[in-house]
Amino acid sequence: MNAQQAIHEYHRIRIHRAMDAFRRRGFEATYFGNSAEAVEHFFSEVTSHNIIGYGGSDTVSQLGIRRRLAEGDFHFLDRSKFDHSYDGQLDIRRETLSADVFVTSSNAVSIDGALINIDGDGNRIAGLSLGPKRVYLFLGRNKLTENVDRAMIRARNVASPMLAIQLGLDTPCAKTGQCHDCAVPDRICNNFSIIERCNPPGRIRLLFINEDLGL
Ligand code: SF4
């Protein structure tokens, strides 16, 4: 086994530990050796009749899912086609909460079976917790952490600073690469969510991918 194969196997083992924990907590969890398989699995489970909502996610964009939903024969609640004012975007986010399907990712995933998310205005956290009938999360192996504490550290010191840099926001983390628990107008982590059990069981479907994806 070469180094790349060993790295892949190491992550496969960790992902399966996480999947066992999540299944015990009512989540559906599926393993994919690569992202192409995960994307095809998702598209095999949605139809043109489904109303599909999107929770901002670099992983989902990176995998081409957002573009494919926007260009294909889907009832996709595409934010880019709605009024770009704050109120216009709030309207589409509210509509997303009554979608059949919600597709997004997570800022961090604890191997013991918890999803950790930080959100600016809370639309993604709301969609994860209640509303859309089915939720699909695309999860790269880089999102896995050993426990909830480490997942929170990742969310605040990795995912949030990277997102702030990407969006060109004026936050302390965008300048230093770590959280300063700020109170600036551009602060992006206003809402925190830890989901430790899927209720009703099977509503949240976790697509674990043995690749580094997203922020
Ligand atoms: S609280 Fe402020 S500094 Fe910390 S991650 Fe959020 S935006 Fe960045």
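What you see is a predicted model; the values in this text were computed from it and never measured. Whatever order the structure lists them in is the order used to number ligands and atoms, beginning at 1.
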Listed pairs under 3.5 Å, donor-acceptor, residues 63-73 side chains, sequence neighbours left out:
residue, atom, partner, partner atom, Å
Arg68, NH1, Glu40, OE2, 2.8
Arg68, NH2, Glu40, OE1, 3.4

Scan side-chain atoms only and decide if Tyr136 and Arg134 contain a donor-acceptor pair under the 3.5 Å cut-off.
-> yes

In terms of side-chain heavy atoms, does Arg124 have a donor or acceptor partner in Asn107 at a distance below 3.5 Å?
-> yes

Kindly identify the option in Thr176, Asp186, Ile118, Ile188 whose heavy atom sits closest to atom 7 (S) of ligand 1.
-> Ile188

With a cut-off of 2.8 Å, strictly less than, protein N/O/S atoms near atom 4 (Fe) of ligand 1 add up to 1

Excluding sequence neighbours, so at least two apart, what forms salt bridge (Lys or Arg N to Asp or Glu O under 4.0 Å) with Glu45?
-> Arg205

Aromatic ring centroids of Phe42 and Phe32 under 6.0 Å?
-> no

Could you list who else is in Val109's hydrophobic cluster, with ILVMFWY side chains joined at under 4.5 Å, directly or through other members?
-> Ile15, Met19, Phe22, Phe27, Tyr31, Phe102, Ile111, Leu115, Leu128, Val135, Leu137, Leu139, Leu144, Ile195, Ile204, Leu206, Phe208

